[in-house]
Each structure stands twice: as structure tokens, then as C-alpha cells.
Protein chains: 2
Amino acid sequence: MAGTRSRPPEGRRRASHSMEAVLTEAVALLDEAGEPALTFRALASRLGGGVASIYWYVASKDELLDRATDHVLGGVLTAIESQTGSDDPIDDLRVMAVTLFDAIVVRPWLAAYFMRNTDLQGNSLRLYEQLGQQTLRLDLTPRQRFHAASAIISVVVGTAADLGQEPPPEVLDGTVGRDEYLGQWAERWRRLDPEEFPFMHEIVDEFEGHDDKDQFLAGLELTLAGLRLQAGA
Amino acid sequence: MAGTRSRPPEGRRRASHSMEAVLTEAVALLDEAGEPALTFRALASRLGGGVASIYWYVASKDELLDRATDHVLGGVLTAIESQTGSDDPIDDLRVMAVTLFDAIVVRPWLAAYFMRNTDLQGNSLRLYEQLGQQTLRLDLTPRQRFHAASAIISVVVGTAADLGQEPPPEVLDGTVGRDEYLGQWAERWRRLDPEEFPFMHEIVDEFEGHDDKDQFLAGLELTLAGLRLQAGA
DNA sequence: GCGCAACATCGAACGTTGTTCTATCGTATC
DNA sequence: GATACGATAGAACAACGTTCGATGTTGCGC
């Protein structure tokens, strides 16, 4: 059983030179080449140590990813906490959502693991609390507040995961620009039967050369508008 | 290069006894025990054949998952197409979104791969088209229609992925009921400092014994309300 | 009926992954 | 100096996706 083994200090970390190094280097690997790049062997090589040493700090790869996400979420949290305090709680909600979105969209691996992590604790819990506190300033029932905060998280994470996925290799290599890539899809859709796909023809021009951030902001605004309506403001 | 190799008929499938069998059995494996259960060896064993035979139908595991998702999306699509035709396009949008949500929430693997799949084609494209066609009946600009359809997809997929994740083993085994599991989290949150976590205390009662479906519906309603406001109806 | 090409299948092997086992350092404390 | 413990690491294991080479199986021109 893994629980009986002694572990490094969790709550109060003493020296813990390496726990920080492990997490930092793990995040660096994830940022540089995505989730599949984070292997215990690559990580050990970076740290200049053996493979099994990492298991002294984390019990499994799942825990490694858990701690890595919590690590970067700590940075997001401080960024979010320093941006509240507007007159309008909905404005605060928007700023917080955008900050979270920006952090996730550059780290596709974060979105994927953000949703797999059912445990609401640590910095993830704190982030949820920060968002929810803004709903306390709105005229809503507890149930509505619960739903509102959850909905915003879903919109942010869902959109970020949808838009922030790893671009195909030909775009990353620089051989094909982002505009060309979008153009290829647009071209394909333009060749569809207009009678069977009227909507695709309607939006293909908008799609070509669209901005991911704008798309997210528009979706977020729909939710916030609905929320404002619900609060009767 | 993989593209030069001959492949089974894609567009017009002739006999294709086994392609159907491969996909059906792959989906069955995914449904029974989640994504990690789908291995080439387990799948081959189910099909009563060898491991390498599967590579005659799909070039990689990624393609296997692509085809599997497209397979089940086909069922969702027919269910959705038979449910449109209301007076209110927003009512239609809600029904379609709920149908899609229900299909995803019982298949956590679908949500995970739904977002990883950047290729908008096949049944995924048709589904997007069906949703978008409802926005054609609303008084919106093409850009607003593009954003609206994308936002709804994000809300559905994001929420389904968030709520439909695999329950922990102790719940699956039946040793701990869902209510007890929720209760344990509620208990943990009640022990938090009320001054630092006022929101968690506000919603902990709502969380305990909440229904995932209601949570999704509430979030969807916010987006739809914002959309209705935007359309000026 | 024959032969050849394409379809379809399969066992064995390769390289990589997460994980475990066991042995070994270094350093405080008695 | 002996001991216990924090910390490290090499070697091995099982399982995974994938590839290779060989072998059936079918369809069609002659």
C-alpha cells in the first residue's frame, strides 16, 4: 500500500529543494512540448538524477500532474486576487475569467487535466472561491450562485480546451502559417453543398481570420449577460 | 509514409464486415471501463483475432479514437435531427444541447476526445451545422451566429467533461454511495474558515445532493438568456 | 484450371512508458 | 563508531503502441 510509506512534508515544506525543482522542471517540459513530453526518464535526465528518485516526491504520474497543475494554478491565483475590487461584480468576474483563460490557453495540458481532476482542493478550490465571492455581491439565491460560479468555470475551461489545443505539426514547424491553416479549412467548407450546409457558408468568412480570444470573449459575454439578467441589475 | 499504403474504402464502404465490428467493439470497451481499457490487445482479443489485424483498418490509435467518436456521434446526430422544428429556435437549441449533453455525460472518454479533435468534419461537422442552423432563425450578424454556435458547443462539452468524469473507484464499487461521496466533500468544506471561504459555506448545502443535470441546465440557460437578449427577442 | 495481384490476417519482436525492487550513499543523533 | 533515516539511483518488470515479415484468402484475366 502506498499510503504507509513515508512521504515528504506536505503541509509545511521544510527544505524541499528538490520538490520545487521537480515541479518546475515538470511544468517546463509540459510547456515546451506538451503532455506526452513529460516522462519520468526525461524529467530525471533534466534533474540530473535517476528515474526512481522522483518517486520519493510523488507516488505516481497522476500525482505529479496534480501537483504540477496546482503549482501553476498558484500563479494564476495571485494574478487573479490582485485584479478584483471593481464597482461591478460582473466586471470583476469577467476580468478573472479572462485571466484564467489566458493562463489555460497557452497550456493545453492544463485544460485537459483541469477537468480530469475531480478533487476540488488546494489552489483549485481557492480559485473557485474567489470567483464565487463575486456572486455574493449579486442579488441571487445560494443555488443560483452555485450554478453561476460553476457555469463560468465551465465556459472558461471548456472554451480554452476547445481553442487552445495543440496546433498541427505543420503549423508549429512554421511551414504553414496560422492564416493559411484556417484558410484551408475555410476552402474545404466552401466546397460543401450550400443547401445542406447553409450555416457553414454563413460563417465561413467569419471563421477565416477569426481570433480565438474574441470567440471566447463573445461566449463569456453571453453567460455574463444571462447572469446580469438573472440578478435583476 | 503511412498515406501511401492502401486503405479500406472510406467514403463508400462495401462489405466492411469488420470495420463495423472494430468500431462497435472499441466503443463497447470504452463504455465498459473507460479510455485506458481500450488497448489493441484487449480489442483484438474481443474480436477473436490478432493484434496487428486492427492496423489494417486504422493506422493508429488516434485514428481509432477518431473513428469511434465519429461512430457514436452518428447516433447522437440522428437523435438531434429528429427533435428540431419548434416555433422558437432557442427552444430547439436547448433540446439539441441537452441531447448532446446526455450523450457525452455517460461517456467521459467522448468529452476528452471531443476537444482534442481539432478536425471539424464528418458527423462532428454535421452536428455543428445543425446547431448553427437554429441561429439562422435569429436576428443576428454572421459573426454573432458564429460565436453563438461555438459558445453553446463549448458550454455543453465543457460542462459534460467537468461533470461526467469517471467517479472514484469507491463509488463505482458501490461501497460508497454517491450521496455519501458528496457528503464527504461537503463535510470537508464546512470545516474551512468561514472568513476566508464565505462562498464555499454559502453553497455547500446546495452542493450536497445537487443534480449534475440541473447544474448543466442552469449554465446553459444563462447562455441562452444572453443569446435571446442579443437577438432582441 | 492457373497464376498473379490485392485483400486480409497473425505471431513475434522492438522501443518506450510507468512502476517496483533492492541496494546504496550522506548525514545527523545517540 | 554504530544506528536510523532522508534521499538517491540502477536494473528489472509488465504493459503499451507500433512495425515487420510471413502466411492465408479472395477475385479476376487468360
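Quick note on labels: first sequence line is chain A, next is B, and so on, each numbered from 1.
Evaluation of the ring-ring contact (aromatic ring centres under 6.0 Å, His included) rule for A:His71 yields no partner, not counting sequence neighbours. In this view, A:Phe207 and A:Trp189, A:His210 satisfy the ring-ring contact (aromatic ring centres under 6.0 Å, His included) rule, not counting sequence neighbours. Legend: residues meeting ring-ring contact (aromatic ring centres under 6.0 Å, His included) with A:Tyr128, ordered by chain and number and at least two apart, are B:Phe199. Annotation: side chain to side chain donor-acceptor pair (under 3.5 Å) contacts of A:Arg41 (sequence neighbours excluded): none. A search for side chain to side chain donor-acceptor pair (under 3.5 Å) contacts involving B:Thr159 returns nothing, not counting sequence neighbours. Scanning for side chain to side chain donor-acceptor pair (under 3.5 Å) contacts around A:Glu195 gives an empty result, with sequence neighbours left out. Not counting sequence neighbours, B:Glu196 has no partner by the side chain to side chain donor-acceptor pair (under 3.5 Å) test.
Remark: P of C:dC10 and CG of B:Leu43 are 12 Å apart, rounded to the nearest angstrom. When rounded to the nearest whole Å, the span between CD1 of A:Ile54 and P of C:dC21 equals 18 Å. We find that CG of A:Leu64 is positioned 13 Å from C1' of C:dT19, with the value rounded to whole Å.
Residues of residues 24-35 of chain B having a heavy atom closer than 4.0 Å to DNA chain C: none are found.
Here A:Ser53 does not reach the OP1 or OP2 of D:dA7: none of its side-chain N or O atoms lies under 4.0 Å away. Residue A:Trp56 has no polar side-chain atom (N or O) positioned under 4.0 Å from OP1 or OP2 of D:dA7.
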List every contact pair, protein side and nucleotides 13-17 of chain D side both N or O, where the distance is under 3.5 Å.
unit_1: D:dG17; atom_1: OP1; unit_2: B:Lys61; atom_2: NZ; d: 2.6
unit_1: D:dG17; atom_1: OP2; unit_2: B:Phe40; atom_2: N; d: 3.1
unit_1: D:dG17; atom_1: N7; unit_2: B:Arg41; atom_2: NH1; d: 2.9
unit_1: D:dG17; atom_1: O6; unit_2: B:Arg41; atom_2: NH2; d: 2.8

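When only modelled atom types and interatomic distance are considered, B:Gln130 and B:Thr84 share no side-chain donor-acceptor pair under 3.5 Å.
Here the side chain of B:Ala52 is nearest to one of C:dT9, D:dT19, D:dA7, namely D:dT19. Minimum atom distance to the side chain of B:Val51 is reached by D:dT18, of the listed D:dT8, D:dT18, C:dT20.
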